[in-house]
Student: 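Questions regarding the structure given below will be posed in turn.
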Amino acid sequence: MVKDSSSGLSSALAGGADTIVARATPAGRGGLAIIRVSGPEVRRIAARICPALDVDRGWRAALVELRGRDGSVVDRGVVIPYPAPRSYTGEDMLELTVHGSPWVVREVVDGFLAAGARPAEPGEFTRRALANGKVDLVQAEAVNDLASAETAWQARLARVRASGALSREFAGLRDELAGLLAAVESALDFAEHEIEYRPEEVARRTAGCLDRVRGLLATAAASRRVRDGARVVITGPPNSGKSTLFNTLVGYERAIVSALPGTTRDLLEAELEIDGVRVVLQDTAGLGASDEPVEREGIRRAEGAAAAADVLLALWPADDRDDHSGSEAHAGDNRPVLRVRSKADLLDGRAVEDGWLAVSCRTGAGLDRLRGTLGGVVSAGLAELGGEAAIGERHRLALEKAAAELAAVDVMAPELAAEAIRGALDAARELLGEVVSDEVLDRIFATFCIGK
Ligand SMILES: Nc1nc2c(ncn2[C@@H]2O[C@H](COP(=O)(O)OP(=O)(O)OP(=O)(O)O)[C@@H](O)[C@H]2O)c(=O)[nH]1
Ligand SMILES: [Mg+2]
């Protein structure tokens, strides 16, 4: 077998003493199913399962008979051999497309097991790709994110990360930190090398690195929104039509609606997608004074939800004749608030205040505009995010550590400064998976699918 000598990794380090096999498509019946095999024994095993296959005709599909455990033909399928190192894992690989019957898949996988392969662990193909230098850790994580993406934005950010854009940001940071560390260390062996230590220069470069880290950290909120969804909370007085609007946006009768004020007490939550962004929409109890203990608790929860919202939909019903143009609902924070005159069919020809959207769930008037405005608000800032900077949760924690180290750098104490910069450098290298413990890798790959 040809080994990727450029990676300089021993085959034990590169993960693949064993040859692994797994189905890559979901369990159950389907039109077709894909089975993947990777490892040093692929050639020998292929000779048993698909003797007609010419493994040296790499990266080309061949239609061949597939044999099971006892050597009898189980199916005819399309097999693509990927000779190392030009494969996903960097090892010799096969990708088989077979008929999607659970029986066929089981028999073919069983054949591979009997021939000496073992079942792959979750994410083990990607883990081998990482060990063989095919991808770095940031890209490996992105592969999993891409496989589990449910919205356009989740897929988009994962795709850009999988392509290495975020890795390049982290690598740039790592290189800058390494250069900075060298500059500070030169002060420590100043006598030997007669290199002049320039504290102002070190201070400037440290500030530059810190800016870079903070720039990346600033995108954490937006990427959390893409991942977990933007929290959009409907608030307003009792009976203002909150639950009706909630049901309308969600598309089914999720919440109880009634003409009695104080119908909703618990927080209700539903997920939807607006403009490619995942949105977690919440319906709440009507705000206002109440003597009733359960309703009071509902109001307390509504206020908590409003405080945690990314976007507020503040409702005032049109049959409330008061002018709310001066309404400063939830002013003081910089979260977007969409002011909605609900039950707009009751406006009786009156105009709504400037800056308010007139919406009627009864006639449907204003709903498209509301959806459009909401879509603009939840996706605001995401386009500029580009993807390079779409950091995940693990990245945020490591970058916060780097920021704390850099903020503590005292250029007049080079010894301590070097230690802090080394801490920041370690964090950057950990991000890329250059120095990372098996426990961390186990945790990351445990969330992967089998066959990925
Ligand atoms: N005319 C009109 N009535 C509406 C509209 N939307 C809701 N309603 C009515 O207003 C009443 C209250 O609606 P809900 O959706 O339960 O109001 P809510 O704000 O959730 O009320 P609470 O949960 O009690 O705070 C119901 O009788 C609805 O049928 C609308 O667009 N036009
Ligand atoms: Mg309600």
Side-chain angles (χ1 to χ4, degrees), residues 229-272 274 279-325 327-331 335-375 377-378:
R231 304 196 79 78
V232 176
V233 175
I234 306 177
T235 66
N239 236 10
S240 53
K242 297 180 298 299
S243 300
T244 307
L245 180 61
F246 179 75
N247 288 345
T248 304
L249 291 174
V250 171
Y252 65 99
E253 299 297 307
R254 169 79 175 79
I256 299 174
V257 165
S258 92
L260 301 172
T263 304
T264 308
R265 276 101 183 274
D266 280 323
L267 293 178
L268 294 175
E269 207 174 281
E271 279 190 22
L272 56 151
I274 299 181
V279 166
V280 180
L281 188 67
Q282 283 188 319
D283 182 22
T284 61
L287 298 173
S290 171
D291 299 330
E292 214 270 305
V294 180
E295 197 176 352
R296 271 217 308 275
E297 175 59 19
I299 292 169
R300 199 185 64 76
R301 292 181 186 204
E303 285 166 348
D310 293 312
V311 181
L312 287 169
L313 285 184
L315 266 55
W316 281 104
D319 52 348
D320 168 349
R321 300 248 156 190
D322 293 346
D323 177 14
H324 292 286
S325 51
S327 166
E328 288 305 313
H330 307 285
R335 277 174 310 172
V337 179
L338 300 190
R339 293 178 170 78
V340 176
R341 270 293 192 176
S342 52
K343 309 191 189 180
D345 50 292
L346 302 179
L347 273 172
D348 290 335
R350 283 170 300 133
V352 290
E353 298 90 333
D354 276 352
W356 287 69
L357 292 162
V359 172
S360 167
C361 289
R362 188 151 293 175
T363 65
L367 279 168
D368 283 344
R369 240 186 99 202
L370 174 66
R371 280 199 194 88
T373 310
L374 191 55
V377 169
V378 294

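Atoms within each ligand, like the ligands themselves, are counted from 1 in listed order.
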Student: If the cut-off is 4.0 Å to any non-hydrogen atom of P238, which atoms of ligand 1 fall inside it?
Tutor: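 Per the distance check, 25 (O).
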Student: If I compare all heavy atoms of G375 with all of I274, which pair ends up nearest, and what's the gap?
Tutor: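 Minimum heavy-atom separation between G375 and I274: CA-CG2, 3.5 Å.
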Student: Rounded to the nearest 10 degrees, what's the angle OG of S243 makes with OG1 of T264 at the Mg ion (ligand 2)? Could you check?
Tutor: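 Centred on the Mg ion (ligand 2), the OG/OG1 angle is 90° (to 10°).
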Student: Write down the atom of K242, the atom of T284, and the distance for their closest heavy-atom approach.
Tutor: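 That closest heavy-atom pairing would be CE-O, 3.2 Å.
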Student: Flag T244 as yes if one of its N/O/S atoms falls below 2.8 Å of the Mg ion (ligand 2), otherwise no.
Tutor: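 Under 2.8 Å: T244 has no N, O or S contact with the Mg ion (ligand 2).
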Student: Between R339 (side chain) and L357 (backbone), is there a donor-acceptor pair under 3.5 Å?
Tutor: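 Pair absent, no side-chain N/O of R339 close to backbone of L357.
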Student: With a 4.5 Å cut-off on side-chain heavy atoms, are L245 and D283 touching?
Tutor: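 Contact flag for D283/L245 side chains = no.
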Student: Need the ligand 1 atom indices (1-based, order shown) with element for anything under 4.0 Å from a heavy-atom of G286.
Tutor: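 The atoms of ligand 1 under 4.0 Å from a heavy atom of G286 are 25 (O).
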Student: Measure D345 to ligand 1 on non-hydrogen atoms and call it side chain, backbone, both or neither using the 4.0 Å cut-off.
Tutor: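 For D345, only side-chain atoms sit under 4.0 Å from ligand 1.
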Student: Taking only heavy atoms of S360 into account, list the atoms of ligand 1 that are under 4.0 Å away from them.
Tutor: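 In order of number, 31 (O).
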Student: Within the 4.5 Å heavy-atom criterion, are V232 and L249 side-chain neighbours or not?
Tutor: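 The answer is no; the side chains never approach within 4.5 Å.
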Student: Do C361 and ligand 1 have an N or O pair less than 3.5 Å apart?
Tutor: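 It does: an N or O of C361 is found under 3.5 Å from an N or O of ligand 1.
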Student: Could you check whether R300 pairs with E297 (Lys NZ or Arg NE/NH1/NH2 to Asp/Glu carboxylate O, under 4.0 Å)?
Tutor: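 Yes, R300 and E297 are salt-bridged.
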Student: Give me the residue, atom name and distance of the protein heavy atom closest to atom 29 (O) of ligand 1.
Tutor: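 Checking every protein heavy atom, the shortest distance to atom 29 (O) of ligand 1 gives R362 NH2, 3.6 Å.
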Student: Quick one: which of V279, L281, V280 gives a side-chain contact (heavy atoms from CB on, under 4.5 Å) with E271?
Tutor: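 With E271 as partner, V279, L281, V280 yield a single side-chain contact (heavy atoms from CB on, under 4.5 Å), made by V280.
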Student: Can an N or O of T264 be found at a distance shorter than 3.5 Å from an N or O of ligand 1?
Tutor: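 Indeed, backbone or side chain, T264 has an N or O that close.
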Student: Starting from atom 28 (C) of ligand 1, find the nearest protein heavy-atom neighbour and note its residue, name and distance.
Tutor: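 Nearest neighbour among protein heavy atoms for atom 28 (C) of ligand 1, to 0.1 Å: V257 CG1, 3.8 Å.
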Student: Taking the side chain as C-beta and beyond, is there a heavy-atom pair between S240 and W316 under 4.5 Å?
Tutor: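 A side-chain contact is absent here, since even the closest heavy-atom pair is not under 4.5 Å.
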Student: Is there at least one pair of N or O atoms, one from G241 and one from ligand 1, spaced under 3.5 Å apart?
Tutor: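 Yes, at least one N or O pair falls under 3.5 Å.
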Student: Check whether more than 12 heavy atoms from other residues, nucleotides or ligands sit under 6.0 Å from atom CZ of R296, and answer yes or no.
Tutor: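 Yes - once you tally the heavy atoms of other residues, nucleotides and ligands closer than 6.0 Å, there are more than 12.
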Student: Quick one: does R335's side chain have a donor or acceptor within less than 3.5 Å of a partner on A307's backbone?
Tutor: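 Answer holds: yes.
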Student: How does A259 reach ligand 1, by side chain, by backbone, by both or by neither, if only non-hydrogen atoms under 4.0 Å count?
Tutor: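 The answer is both.
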Student: P261 heavy atoms, cut-off 4.0 Å: which ligand 1 atoms fall inside?
Tutor: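 The list of qualifying atoms is 24 (O).
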Student: Assess the residue pair E269 and R231 against the criterion (side-chain contact (heavy atoms from CB on, under 4.5 Å)); give the C-alpha distance rounded to whole Å, side-chain angles, the decisive distance to 0.1 Å, and a yes or no.
Tutor: CA-CA 10 Å; E269 207 174 281; R231 304 196 79 78; 3.1 Å; yes
Student: In terms of residue, atom name and distance, what is the protein heavy atom nearest to atom 7 (C) of ligand 1?
Tutor: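 Checking every protein heavy atom, the shortest distance to atom 7 (C) of ligand 1 gives T244 OG1, 3.2 Å.
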Student: If the cut-off is 4.0 Å to any non-hydrogen atom of L260, which atoms of ligand 1 fall inside it?
Tutor: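 Counting from 1, the qualifying ligand atoms are 24 (O).
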Student: Could you tell me the residue and atom name of the protein heavy atom closest to atom 22 (P) of ligand 1, and the distance to it rounded to 0.1 Å?
Tutor: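 So the nearest neighbour among protein heavy atoms is N239 N, 3.6 Å.
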Student: So if I count the atoms of ligand 1 from 1 in the order they appear, which ones are less than 4.0 Å from some heavy atom of K242?
Tutor: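 Those qualifying, in numeric order: 15 (O), 17 (O), 18 (P), 19 (O), 20 (O), 21 (O), 22 (P), 25 (O).
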Student: Which ligand 1 atoms does S258 reach within 4.0 Å, using its non-hydrogen atoms?
Tutor: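 Going through ligand 1 atom by atom, the ones under 4.0 Å from S258 are 11 (C), 12 (C), 13 (O), 16 (O), 26 (C), 27 (O).
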Student: I'd like to check whether G262 has a polar contact with ligand 1, where a contact means an N/O of the residue lying under 3.5 Å from an N/O of the ligand.
Tutor: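 It does: an N or O of G262 is found under 3.5 Å from an N or O of ligand 1.
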Student: Look at the side chain of E292 and the backbone N and O of E295, then say whether any donor-acceptor pair between them is shorter than 3.5 Å.
Tutor: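 Checked: pair present.
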Student: Quick one: nearest non-hydrogen protein atom to atom 10 (O) of ligand 1, plus distance?
Tutor: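 Of every protein heavy atom, K343 NZ, 3.0 Å lies nearest to atom 10 (O) of ligand 1.
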Student: Going by distance only, is there an N or O of T263 that falls short of 3.5 Å from an N or O of ligand 1?
Tutor: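 Yes, at least one N or O pair falls under 3.5 Å.
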